[in-house]
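Comments concern the structure below.
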Amino acid sequence: MIRINNQKVDINHFPDGTLLLKEIFVTTTQSEQTDTAIELTWNYENNEELVAVYFLTKHLQEAGYHKIILNMPYIPNARQDRVKDAKDVFTLKYFAELINSLQFTEVRVLDAHSNVSLALLDRVKQSTPQQYIARVITQIEQNTGKKPLLFYPDEGAGKRYSGMITLPYCFGIKQRDWSTGEITGLSVVGETELVAKSDVLIVDDICSYGGTFIRSAETLIALGAKDLYLFVSHCEDSALKGKLCTCGYFKEIFTTDSIFRNQEDSNITVFAV
């Protein structure tokens, strides 16, 4: 979904399938065009929207607007942040080059999947999910009378989030079959003595089918954890196709609306970015 100054852009098509974009916001006052900052918000749904973002930005620039902010909470192609073989296409790099070519005044993102994305994007400003995690913790505390123990599924998540929320935490160390990508085991380190009989909030940046979190839940339950909660900054709709929402391990799951679209078809609590 794309919005310009909170006005949703209708993306239509000609009979041949190409984009039809009409009645796009512009003003006729030159002083307004020079001084006004336009905010173009892109909540990613599909790759076609990238073409629409390009067309819309060029349209606004030709109309005289030169202060255009791209609000892009989720960074598309962020998973392809490195290549291991010369035959692999470094899609994130080329995506960033296209975004950079539009010379946005600022590119605002939420909880980037890796620092590679931040390094590749010009004039990028990252916001953290701290406020959303804090809201989840407050809700858990109101329901249970105490704050949860935090759990981060890997060391990277531990480094990323432990400084945001000053609560006791543990983190996981994954054992993975690199030929298939499958997680074969998970060990827990940190303040493990606190896991038993504690409510635990698992925190991470992104969720696809939820295998990492199901494995984490199983490990924490085996260690004696009570109720489990999950927060991810970016939850793909594919989470509804896996067992994440039906496994019965999680009392409640939280995310933002950065890319999650099927709110009415799930029991996932969604925060507006």
How long is the straight-line distance from [atom2] of [Y] back to [atom1] of [X], given to the nearest 0.5 Å?
X: Ile38; Y: Leu70; atom1: CD1; atom2: CG; result: 13.0 Å
X: Thr138; Y: Asn143; atom1: OG1; atom2: CG; result: 11.0 Å
X: Lys67; Y: Glu39; atom1: NZ; atom2: CD; result: 14.5 Å
X: Gln7; Y: Thr41; atom1: CD; atom2: OG1; result: 12.0 Å
X: Ile165; Y: Lys147; atom1: CD1; atom2: NZ; result: 10.0 Å
X: Asn46; Y: Glu48; atom1: CG; atom2: CD; result: 5.5 Å

For [X], does the [atom1] atom have more than 12 heavy-atom neighbours from other residues, nucleotides or ligands under 6.0 Å away?
X: Glu218; atom1: CD; result: yes
X: Arg79; atom1: CZ; result: yes
X: Asn115; atom1: CG; result: no
X: Glu193; atom1: CD; result: yes

When you compare the side chains of Glu252 and Gln139, does any donor N or O come within less than 3.5 Å of an acceptor on the partner? yes
Is there a donor-acceptor contact under 3.5 Å linking the side chains of Asp81 and Ser114? yes
Distance-only, no hydrogens or angles: does the [X] side chain make a donor-acceptor pair with backbone N or O of [Y] under 3.5 Å?
X: Thr18; Y: Phe14; value: no
X: His234; Y: Leu110; value: yes
X: Thr57; Y: Leu102; value: no
X: Ser198; Y: Val200; value: no
X: Glu155; Y: Phe171; value: no
X: Glu236; Y: Phe260; value: no
X: Asp204; Y: Ile206; value: no
X: Tyr161; Y: Asp205; value: yes

Would Tyr249 and Phe213 satisfy side chain to side chain contact (heavy atoms under 4.5 Å, CB included), going step by step from the backbone distance to the final call? CA-CA 10 Å; Tyr249 295 148; Phe213 308 116; over 6 Å; no
Counting C-beta onward and ignoring hydrogens, is there a side-chain heavy-atom pair between [X] and [Y] closer than 4.5 Å?
X: Asp199; Y: Leu149; value: no
X: Leu21; Y: Ile11; value: yes
X: Tyr74; Y: Asn43; value: no
X: Cys245; Y: Asn267; value: yes
X: Thr256; Y: Pro73; value: no
X: Lys125; Y: Val107; value: no
X: Met72; Y: Arg108; value: no
X: Ile2; Y: Lys8; value: no

Mind listing the closest non-hydrogen atom pair of [X] and [Y] along with its distance?
X: Phe271; Y: Val136; value: CE1-CG2, 3.7 Å
X: Val203; Y: Pro153; value: O-CD, 3.2 Å
X: Leu92; Y: Asn77; value: CB-O, 3.3 Å
X: Asp257; Y: Ala272; value: OD2-CA, 3.5 Å
X: Ile69; Y: Phe104; value: C-CD2, 4.4 Å
X: Tyr209; Y: Ser238; value: CD2-O, 3.4 Å

Looking only at the aromatic ring of each residue, does the gap between the centers of Tyr169 and Tyr152 stay below 6.0 angstrom? yes
Side chain to side chain contact (heavy atoms under 4.5 Å, CB included) assessment of Ile140 paired with Asp227: CA-CA 10 Å; Ile140 294 172; Asp227 289 333; over 6 Å; no
Between Arg160 and Asp111, does the salt bridge (charged side-chain N to carboxylate O under 4.0 Å, His left out) criterion hold? Intermediate values first, please. CA-CA 9 Å; Arg160 181 197 303 256; Asp111 200 9; 3.0 Å; yes
Between Tyr132 and Phe231, what is the ring plane arrangement, given parallel below 30°, perpendicular above 60°, and tilted in between? parallel
Check ion pair Arg123-Glu106 (N to O, under 4.0 angstrom): no
Quick test of your reading of the model: are Lys22 and Asp10 salt-bridged, counting only N-O distances below 4.0 Å? no
Hydrophobic cluster identity match, [X] and [Y], side-chain contacts under 4.5 Å:
X: Val195; Y: Leu230; value: yes
X: Tyr44; Y: Val109; value: yes
X: Ile137; Y: Leu194; value: no
X: Phe151; Y: Leu167; value: no
X: Leu50; Y: Phe90; value: yes

Derivation of the side chain to side chain donor-acceptor pair (under 3.5 Å) call for Gln80 and His113: CA-CA 10 Å; Gln80 188 74 343; His113 182 56; over 6 Å; no
Of the options Ile268, Leu244, Ile259, Ile253, which is the one that meets Cys207 in a side-chain contact (heavy atoms from CB on, under 4.5 Å)? Leu244
Do Leu19 and His13 pass the side chain to side chain contact (heavy atoms under 4.5 Å, CB included) test, and can you show the C-alpha distance, the side-chain angles, and the key distance before you say yes or no? CA-CA 5 Å; Leu19 290 178; His13 300 84; 3.9 Å; yes
Could you go step by step and tell me if Thr212 and Asp154 meet the side chain to side chain contact (heavy atoms under 4.5 Å, CB included) rule? CA-CA 10 Å; Thr212 293; Asp154 54 45; over 6 Å; no
Apply salt bridge (charged side-chain N to carboxylate O under 4.0 Å, His left out) to Arg261 and Glu45, showing your working. CA-CA 8 Å; Arg261 297 290 169 267; Glu45 292 185 10; 3.2 Å; yes
